[in-house]
Amino acid sequence: MSKKEKLLYKIFKILGYDVFSLDDILNITLSQDQIKSKDLIQKLYDLKDELKEEYKSEMLTCLHKNSLDKQKFPGLNMIRQICKCNELKVKPFVVCKGYNKHTGQKITERYYKIELI
């Protein structure tokens, strides 16, 4: 197992999933609310130094110094970019949860599925 794979598994362990192979990762669906959590983003960014040893920071914007300030969804960007380096794709999809009775607006939730490229 390469160090890149170990780091990928470590990221998914932080997300709360026990993964031991790429097949385990392919069955994961992430919710946007889970990824936007401040605590989770901080835990992911604690791995930044380890990630910089394996991945080039000029290629991955999630490893830049100002990424937390510049990016709208830094947690999602880190997961997406590291997955892409490991030949995985984070594909978004939306689930309709019904309509608001008062305004008539559709209530939706965004999820992300991990797939092979």
J.: Would you name the heavy atoms of Lys52 and Ser57 that are closest together and state the gap between them?
T.: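 Scanning both residues completely, I find the closest heavy atoms to be CE-CB, 4.5 Å.
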J.: Do any N or O atoms from the side chain of Glu54 and from the backbone of Lys3 form a donor-acceptor pair under 3.5 angstrom?
T.: no
J.: Side chains of Val94 and Glu109: does their closest heavy-atom pair fall under 4.5 Å?
T.: no
J.: Might you work through the side chain to side chain contact (heavy atoms under 4.5 Å, CB included) test for Cys85 and Ile82, ending with a clear yes or no?
T.: CA-CA 5 Å; Cys85 290; Ile82 299 299; 5.5 Å; no
J.: Group every Ile, Leu, Val, Met, Phe, Trp and Tyr by side-chain heavy-atom contacts under 4.5 Å, then state whether Met1 and Ile11 land in the same group.
T.: yes
J.: What's the separation between atom CD1 in Ile35 and atom OH in Tyr112, rounded to the nearest 0.5 Å?
T.: 6.0 Å
J.: Are any of the side-chain heavy atoms of Arg110 and Pro92 separated by less than 4.5 Å?
T.: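 Yes - at least one pair of side-chain heavy atoms lies under 4.5 Å apart.
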J.: Going by side-chain contact (heavy atoms from CB on, under 4.5 Å), Leu116 matches just one of Leu88, Ile25, Leu22. Which one?
T.: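 For Leu116, the side-chain contact (heavy atoms from CB on, under 4.5 Å) test succeeds with only one of Leu88, Ile25, Leu22, which is Leu88.
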J.: Return yes if a side-chain donor-acceptor contact under 3.5 Å exists between Gln81 and Thr61, otherwise no.
T.: yes
J.: Rounded to the nearest 0.5 Å, what's the gap from CG on Leu51 to CD on Glu53? Could you check?
T.: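 Leu51 atom CG to Glu53 atom CD measures 9.0 Å (nearest 0.5 Å).
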J.: Can you tell if the side chain of Leu44 reaches within under 4.5 Å of the side chain of Ile79, non-hydrogen atoms only?
T.: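 Side chain of Leu44 against side chain of Ile79, heavy atoms only: contact under 4.5 Å found.
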J.: Count I, L, V, M, F, W, Y as connected when their side-chain heavy atoms are under 4.5 Å apart, and connections chain through other members. Are Ile117 and Phe12 then in the same cluster?
T.: no
J.: Report, as yes or no, whether the 6.0 Å neighbourhood of atom CD on Glu58 holds more than 12 heavy atoms from other residues, nucleotides or ligands.
T.: yes
J.: State, yes or no, whether a side-chain contact exists between Tyr111 and Val95 at a heavy-atom distance under 4.5 Å.
T.: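 Side-chain contact under 4.5 Å: yes.
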J.: Could you check whether any side-chain N or O of Gln34 sits under 3.5 Å from a backbone N or O of Leu15, counting only pairs where one atom can act as donor and the other as acceptor?
T.: yes
J.: Check the pair Asp46, Gln42 against side chain to side chain contact (heavy atoms under 4.5 Å, CB included), reporting the backbone distance first and the verdict last.
T.: CA-CA 6 Å; Asp46 289 343; Gln42 187 57 49; 3.1 Å; yes
J.: Within the structure provided, determine whether Tyr9 and Asp24 are in side-chain contact (heavy-atom separation under 4.5 Å).
T.: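 The answer is no; the side chains never approach within 4.5 Å.
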J.: When you look at NZ of Lys84, are more than 12 heavy atoms from neighbouring residues, nucleotides or ligands closer to it than 6.0 Å?
T.: no
J.: Does Leu47 share a hydrophobic cluster with Leu60, counting links as ILVMFWY side-chain heavy atoms below 4.5 Å and allowing steps through other members?
T.: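 Yes, one cluster joins them.
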J.: For the residue pair Asn77 and Pro74, establish whether any side-chain heavy-atom pair is separated by less than 4.5 Å.
T.: no
J.: Any chance NZ of Lys113 has more than 12 other-residue heavy atoms, nucleotides or ligands included, within less than 6.0 Å?
T.: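 Counting neighbours around NZ of Lys113, more than 12 heavy atoms of other residues, nucleotides or ligands fall under 6.0 Å, so yes.
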J.: Do other residues, nucleotides or ligands put more than 12 heavy atoms under 6.0 Å from the CZ atom of Phe73?
T.: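 Atom CZ in Phe73 is packed in, count exceeds 12.
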J.: Quick check against the 3.5 Å criterion: does Lys89 have a side-chain atom that pairs as donor or acceptor with the backbone of Arg80?
T.: no
J.: Hey, quick one: are Met59 and Met78 part of the same hydrophobic cluster, counting side-chain heavy atoms closer than 4.5 Å, chains of contacts allowed?
T.: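 Yes, Met59 and Met78 fall within the same hydrophobic cluster.
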J.: Can you name the closest pair of heavy atoms from Ile41 and Lys36 and give their distance?
T.: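 Taking every non-hydrogen atom into account, CD1-O, 3.8 Å.
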J.: Transitively linked via ILVMFWY side-chain contacts under 4.5 Å: Tyr17 with Leu26?
T.: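 Yes, same cluster.
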J.: Please report the interatomic distance NZ(Lys6) to CD(Glu50), rounded to the nearest 0.5 Å.
T.: 11.5 Å
J.: Can a donor-acceptor pair be found, under 3.5 Å and without considering hydrogens, that links the side chain of Lys48 to the backbone of His64?
T.: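 Yes: the side chain of Lys48 pairs with the backbone of His64.
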